[in-house]
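Presented below is the structure to which this report refers.
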Amino acid sequence: MTSQSPQGDSPTSSLPDRGAETAAFNGKRKKKVAEIYQALNSDPTDVAALRRMAISEGGLLTDEIRREVWPKLLNVSTSDPPPISRKSLRESKDYQQVLLDVRRSLRRFPPGMPEEQREGLQEELIDIILFILESNPQLHYYQGYHDIVVTFLLVVGERLATSLVEKLSTHHLRDFMDRTMDNTKHILNYLMPIIDRVNPELHDFMQSAEVGTIFALSWLITWFGHVLSDFRHVVRLYDFFLACHPLMPIYFAAVIVLYREQEVLDCDCDMASVHHLLSQIPQDLPYETLISRAGDLFVQFPPSELAREAAAQQQAERTAASTFKDFELASAQQRPDMVLRQRFRGLLQTEERTKDVLTKPRTNRFVKLAVMGLTVALGAAALAMVKSALEWAPKFQLQLFP
Amino acid sequence: MASEMESSLETSFMSSGALSGSSVFLPPARSRIFKIIVIGDSNVGKTCLTYRFCAGRFPDRTEATIGVDFRERAVEIDGERIKIQLWDTAGQERFRKSMVQHYYRNVHAVVFVYDMTNMASFHSLPLWIEECKQHLLASDIPRILVGNKCDLRSAIQVPTDLAQKFADTHSMPLFETSAKNPNDNDHVEAIFMTLAHKLKSHKPLMLTQPPGDGVTLQPEPKPEVTCWC
């Protein structure tokens, strides 16, 4: 199998197509493609710009671009593929479970794909998962992990998917791959506080229904890959999540619930009804609007501000949020861009949402970011995204979120 | 008193309108809800069984269940409209350890499922039963044991007499069935309906009844156990 996507290079853009606006969108799209390649080709690669592109409207537009940009977002080199030795893999302890889940994952593959090709990809999927688990004994397989891996496999092919998912597994997905799901549960605990900040009435209703947060579990641990049937929407969201803080999927989950406020409130106030309603995710969500809304909420109510509530029932644990800082630091240090690197270092030393940062800010933006407790890279991207999203789609936003 | 007793089962009457602020002049026809949790190892067919009962057919393709799925069907028993809610759970151990407990709350019955073609899934049952005991407040909640995939005759690993012995030990009726076999259409239905009848006649005193008072569901008569495929 080469690293060719089974979709070929067909664009998986989710830009709306609305007659008169089409031309304008095409113009923007062209411009965006040019900007992405400019960022890719600059020396050193302008990763901050790529993050912005991945977040802003339309995301990375095509799978061809994703193959180039996703590795940059994860700081994975495309030139040193890990050797996959398939020999011993199929004796591992997780083999049976992985096999069961991958065999049942037919829905994740494009509908028209020939059976033979699909079966080949399923074999590759099994190999990638087992290889990563074997190389990282601290990681534990969970049902739903295969939904994430298949997305990477379909976009970037086996070789690169292995590198990308391995990096992702030790960072963004790390908490889901603990021996227990305690940390996963902890992350789910962020959901209700976010909803509470935006819409206390909805929050209270859901609390009275005792609906819990398990309806969002598959959303979180598969990055929505398990519940969205249109692959274009899935990859669009992956663009967004790859460019963002590991907790962004829970903000996105909150945004979906908030978007469905009226439906929820119209529902019987009991666990079954609300769980049932929310776990059936609508397939026609206004993704771009929701993405910008999620970014907004992240800036307004950063994880640090919600942490206390989220941790109320749990002792503080090491979550992806903390490992992401290491990740950012590591990736910043590996990059040759000295200016950015020094800036990172300076801020990382003084960050932890302390007043120190407030007293010696470099710019207003950084004051704001430090106060918000964001990691620097994400913060810049998130702010840029919010700004560009407002430029691009102000009317949708006003309509939906007055 | 009668209505008080009934309220130990959830009623849709209680919940509708009260908090949503809509003005309801006439309460909707009150229907009792039986909440049943379906548990067992991965790939034993929990999703197919629940789907079969609620949608009336075998699903084209199912995927791993992540967390807990919910299915519901309204039935009529002795002239009473009853909603049967099935909570279909993830089979992988890590999910049940920290995620599934929430759904044990207020369940009225438990369905344990194993795969007749997979001995390991049968051997996991004591773990499931133990875990269920820890989560359930009442000890006399009806429980049944379902061996699935009985249509795969040549691949059967769990003999009926072994399963029956196990079921007897735990005071559960045993059903061997197939969610898939089209000739077996009524059997899955019959299993859940049997359970629903049991629940309907079961005195709703689960929390006040002293344990071990003989209310435990008696094993079904042996003839029920034969495979109906």
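Protein chains get the first letters and strands the later ones, always in sequence-line order, with residue 1 at the start of each.
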Q.
Need one label for A:Asp147: side chain, backbone, both or neither, based on atoms under 4.5 Å from any heavy atom in chain B.
A. side chain
Q | Heavy atoms from other residues, nucleotides or ligands near CD of A:Gln283 exceed 12 (cutoff 6.0 Å) | A | yes
(Q) Using a 4.5 angstrom heavy-atom cutoff, name the option from A:Arg179, A:Glu201, A:Arg108, A:Arg103 with the most pairs to chain B. (A) A:Arg108
Q.
Does any backbone or side-chain atom of B:Arg94 lie under 4.5 Å from a heavy atom of chain A? Answer side chain, backbone, both or neither.
A. both
Q. Between atom CZ of B:Phe70 and atom CZ of A:Phe215, what is the distance when rounded to the nearest 0.5 Å?
A. 14.5 Å
(Q) Does any backbone or side-chain atom of A:Thr222 lie under 4.5 Å from a heavy atom of chain B? Answer side chain, backbone, both or neither. (A) side chain
Q.
With a 4.5 angstrom heavy-atom cut-off, is it the side chain or the backbone of A:Leu100 that approaches chain B, or both, or neither?
A. side chain
Q | Toward chain B, the part of A:Ser279 with a non-hydrogen atom under 4.5 Å | A | neither
Q) Under the side chain to side chain contact (heavy atoms under 4.5 Å, CB included) criterion, do A:Arg104 and B:Asn43 qualify, and how do the steps go? A) CA-CA 9 Å; A:Arg104 292 184 283 178; B:Asn43 207 48; 3.6 Å; yes
**Q.** Over all atoms of both residues, closest heavy-atom pair of B:Ile66 and A:Ile221
**A.** CG2-CD1, 3.7 Å
Q | Pairwise side-chain contact, B:Lys35 with A:Met271, heavy-atom cut-off 4.5 Å (strictly under) | A | yes
Q: Measure the shortest side-chain to side-chain distance between B:Arg61 and A:Arg107 over non-hydrogen atoms and say whether it is less than 4.5 angstrom.
A: yes
(Q) Show the nearest heavy-atom pair for residues B:Gly67 and A:Leu217, with the distance to one decimal. (A) CA-CD2, 3.6 Å
Q.
Could you work out, with ring pair (Phe, Tyr, Trp, His ring centres under 6.0 Å) as the rule, every residue matching B:Phe53, not counting sequence neighbours?
A. B:Phe192
Q. With a 4.5 angstrom heavy-atom cut-off, which part of A:Val211 approaches chain B: side chain, backbone, both or neither?
A. backbone
Q | ring pair (Phe, Tyr, Trp, His ring centres under 6.0 Å) involving B:Tyr103 - partner list, sequence neighbours excluded | A | A:His275, B:Trp87
Q) Checking A:Gln143 against chain B: side chain, backbone, both or neither under 4.5 Å from a heavy atom? A) both
Q | Rounded distance [0.5 Å steps], CE in A:Met181 versus CZ in B:Arg96 | A | 13.5 Å
Q: Determine the minimum heavy-atom distance between B:Ala64 and A:His226, stating which atoms define it.
A: O-CE1, 3.3 Å
Q: Please report the closest heavy-atom contact between A:Ser105 and B:Glu63, naming both atoms and the distance.
A: CA-OE1, 4.4 Å
(Q) So which residue, A:Glu210, A:His146, A:Gln280, ends up with the most heavy-atom pairs under 4.5 Å with chain B? (A) A:Glu210
